[in-house]
Amino acid sequence: MSSGPTGSPKEATEVNRELYSPIEPYSSGFLKVSDLHGLYWEQSGNPSGYPVVFLHGGPGGGTAPSNRRFFDPEFYRIILFDQRGAGKSTPHACLDENTTWDLIADIEKLREHFEIPEWQVFGGSWGSTLALAYSQSHPEKVTGLVLRGIFLLRKKEIDWFYEGGASAIYPDAWEPFRDLIPADERQCFLSAYSKRLNSDDLETQYAAARAWTKWEMMTAHLLPNEENIKKGDDDYFSLAFARIENHYFMNKGFFPSDSFLLDNVDKIRHINTVIVQGRYDVCCPMMSAWDLHKAWPEADFRVIPNAGHSANEPGIAAELVAANEKLKNIVKNRG
């Protein structure tokens with residue numbers, strides 16, 4: 001794996017930047033978080049290790065076995081879970097009782113279920129949004145943050161990706177997304193898709209979900225990734241991904257103001273944090289990471305010059321591993 005661009009030569013030689021070998025969970029199950037929702041969770045790595053919780057993207061993206069590989073399995077107790085309606089959590093693709101504040105409460109329920117007093121939090125894309133919102137709500141429970149592909153869920157970010165901005169770079173990927181919607185409804189793609197993703201006709205939902213998901217998957221890597229693009233053909237994955245994303249974006253992330261996450265940085269300023277951002281991220285353009293960096297200069301800000309959005313791009317993956325190694329060493333040096 002290629003090494004990342006930042007850090008001193010000393011750091012580059014001493015810190016591991018290679019993804020860890022694939023591992024299997026040592027336990028998994030479901031946690032009932034409401035009368036309606038049950039969350040799939042799993043634990044891997046070291047059962048008596050340092051706890052870290054992985055917050056997946058989307059919202060609606062779910063977790064994957066590869067997510068475990070960013071963490072040293074001898075040091076970390078690695079906790080993955082699928083957020084409401086996503087992945088293996090039930091009911092699938094459900095939008096009822098599904099808000100940012102429900103998810104924050106769920107993270108706390110998981111932490112209490114595992115009897116963990118405090119933990120490290122790792123999240124990319126929507127996972128970075130949720131990690132910021134969770135840590136600002138419960139700063140005393142968070143020992144460190146690794147954030148990737150910063151998404152603050154502001155209007156200008158949603159408009160960039162869903163109302164035509166990113167089409168300047170990916171016109172070929174944009175046109176199928178655009179063309180599903182009749183010309184007279186194209187003044188707001190978000191609401192036009194919302195109508196279809198919530199249609200009474202399941203095939204209408206699936207068609208909209210496929211187009212929505214494929215647009216994001218085709219723009220997520222600097223170099224096209226066929227395996228990622230194929231997710232758009234998976235109706236089960238696409239339905240949750242598209243419905244939940246659209247639901248959150250229609251509701252502005254359920255935040256009280258557009259700049260809510262930036263306005264509350266003071267609550268988490270003391271937390272050791274690494275921000276990893278691909279220079280050519282089209283899904284979550286660097287303007288958001290830059291705005292966060294300016295509001296929070298104390299956080300370690302690492303820009304990957306040869307990467308887009310995905311955590312699985314070589315330069316980003318290397319820097320995410322190195323970020324976890326940095327936080328691991330801080331914990332170890334504290335004894």
Side-chain angles (χ1 to χ4, degrees), residues 1-29 31 39-57 62-82 87-88 107 110-124 127-128 130-131 134-135 140-149 271-276 299-300 302 304 310-335:
M1 172 168 296
S2 62
S3 64
T6 58
S8 64
K10 183 168 180 250
E11 180 195 53
T13 53
E14 289 183 4
V15 170
N16 177 48
R17 317 175 73 82
E18 301 276 341
L19 285 168
Y20 286 93
S21 299
I23 51 171
E24 291 302 312
Y26 64 79
S27 73
S28 63
L31 181 66
L39 304 188
Y40 168 78
W41 59 263
E42 58 167 66
Q43 299 189 87
S44 55
N46 181 349
S48 54
Y50 196 83
V52 60
V53 63
F54 179 97
L55 303 181
H56 68 67
T63 54
S66 59
N67 301 151
R68 306 168 196 142
R69 299 184 61 192
F70 297 112
F71 310 96
D72 177 350
E74 292 184 9
F75 179 79
Y76 281 111
R77 176 183 176 186
I78 306 157
I79 297 159
L80 272 54
F81 75 98
D82 292 333
K88 297 176 188 169
I107 298 169
L110 272 169
R111 187 186 61 74
E112 289 161 3
H113 174 72
F114 291 124
E115 300 180 341
I116 292 168
E118 54 182 19
W119 52 6
Q120 183 179 315
V121 179
F122 181 108
S128 77
L130 184 57
Y134 169 72
S135 58
E140 74 288 353
K141 303 294 189 271
V142 180
T143 59
L145 285 162
V146 176
L147 307 171
R148 184 266 317 164
I271 298 173
N272 281 313
T273 300
V274 183
I275 299 165
V276 177
D300 183 353
R302 304 181 179 192
I304 316 306
S310 174
N312 300 318
E313 295 187 59
I316 292 182
E319 209 58 61
L320 290 173
V321 172
N324 284 323
E325 297 295 292
K326 176 185 172 175
L327 295 185
K328 174 180 92 175
N329 289 329
I330 289 171
V331 172
K332 281 184 159 179
N333 290 338
R334 279 189 194 141

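Heavy atoms only: backbone and side chains are in, while hydrogens, waters and symmetry mates are out. This is a predicted model, so every value here is computed, not measured.
Rounded to the nearest 0.5 Å, atoms CG (Leu147) and CD1 (Ile275) are 6.0 Å apart. Rounded to the nearest 0.5 Å, atoms CD (Glu313) and CD (Glu319) are 13.5 Å apart. With rounding to the nearest 0.5 angstrom, the CG atom of Leu145 is 11.0 Å from the CZ atom of Phe122. We find the CD-CG distance between Glu112 and Leu31 to be 10.0 Å, quoted to the nearest 0.5 Å. In this structure, Leu80 CG and Leu55 CG are separated by 9.5 Å, a value rounded to the nearest 0.5 Å. We find the CD-CZ distance between Gln120 and Phe54 to be 12.5 Å, quoted to the nearest 0.5 Å.
Among residues two or more places apart in sequence or in another chain, the side-chain hydrogen bond (donor to acceptor under 3.5 Å, both in side chains) test is passed with Tyr134 by Glu108, Trp119. Residues forming a side chain to side chain contact (heavy atoms under 4.5 Å, CB included) with Ser44 (at least two apart in sequence, or on another chain): Ile23, Arg68, Ile78. A search for side-chain hydrogen bond (donor to acceptor under 3.5 Å, both in side chains) contacts involving Ser21 returns nothing, not counting sequence neighbours. Every residue two or more places apart in sequence or in another chain was checked for a ring-ring contact (aromatic ring centres under 6.0 Å, His included) with Phe81, and none qualifies. Applying the side chain to side chain contact (heavy atoms under 4.5 Å, CB included) rule to Asn272 yields the partners Leu327, Ile330, Arg334; only residues at least two apart in sequence or on another chain are considered. Judged as a salt bridge (charged side-chain N to carboxylate O under 4.0 Å, His left out), and not counting sequence neighbours, Arg69 has no contacts. Legend: residues meeting side-chain hydrogen bond (donor to acceptor under 3.5 Å, both in side chains) with Ser310, ordered by chain and number and at least two apart, are His221. Evaluation of the side-chain hydrogen bond (donor to acceptor under 3.5 Å, both in side chains) rule for Asp72 yields Lys328 as partners, not counting sequence neighbours. Remark: Ala323 pairs with Val146, Val274 by the side chain to side chain contact (heavy atoms under 4.5 Å, CB included) rule, at least two apart or across chains. Remark: Lys141 engages no residue in a salt bridge (charged side-chain N to carboxylate O under 4.0 Å, His left out) (not counting sequence neighbours). Partners of Tyr26 according to the ring-ring contact (aromatic ring centres under 6.0 Å, His included) rule, which considers only residues two or more places apart in sequence or in another chain, do not exist here. Remark: Tyr20 pairs with no residue by the ring-ring contact (aromatic ring centres under 6.0 Å, His included) rule, at least two apart or across chains.
Residues Glu325 and Asn16 share a closest heavy-atom pair of CG-O, 3.5 Å. Pairing each heavy atom of Phe71 with each of Val52, the nearest pair is CE2-CG2, 3.7 Å. The heavy-atom pair separating Glu118 from Pro51 by the smallest distance is O-CG, 3.5 Å. Between Ser128 and Gly149, the closest heavy-atom pair is OG-O, 3.7 Å. The shortest heavy-atom contact between Ser135 and Ile271 is CB-CD1, 4.5 Å. Nearest heavy atom pair, residue Gly45 against residue Pro47, reads O-CD, 3.4 Å.
With contacts defined as side-chain heavy-atom distances shorter than 4.5 Å, the pair Ile107/Val121 does not qualify. Using a 4.5 Å heavy-atom threshold, the side chains of Leu19 and Phe70 count as touching.
The 12-atom threshold is exceeded at CD of Glu140, counting heavy atoms of other residues, nucleotides or ligands nearer than 6.0 Å.
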Decide side chain to side chain contact (heavy atoms under 4.5 Å, CB included) for Ile116 and Arg77; before the verdict, give the C-alpha distance in whole Å, the side-chain angles of both, and the deciding distance to 0.1 Å. CA-CA 11 Å; Ile116 292 168; Arg77 176 183 176 186; 3.6 Å; yes

Please test Glu74 against Asn46 for side chain to side chain contact (heavy atoms under 4.5 Å, CB included), starting from the C-alpha separation and ending with a verdict. CA-CA 5 Å; Glu74 292 184 9; Asn46 181 349; 5.6 Å; no

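Proximity of a side-chain donor or acceptor of Asn329 to a complementary backbone N or O of Lys326 within less than 3.5 Å is not detected.
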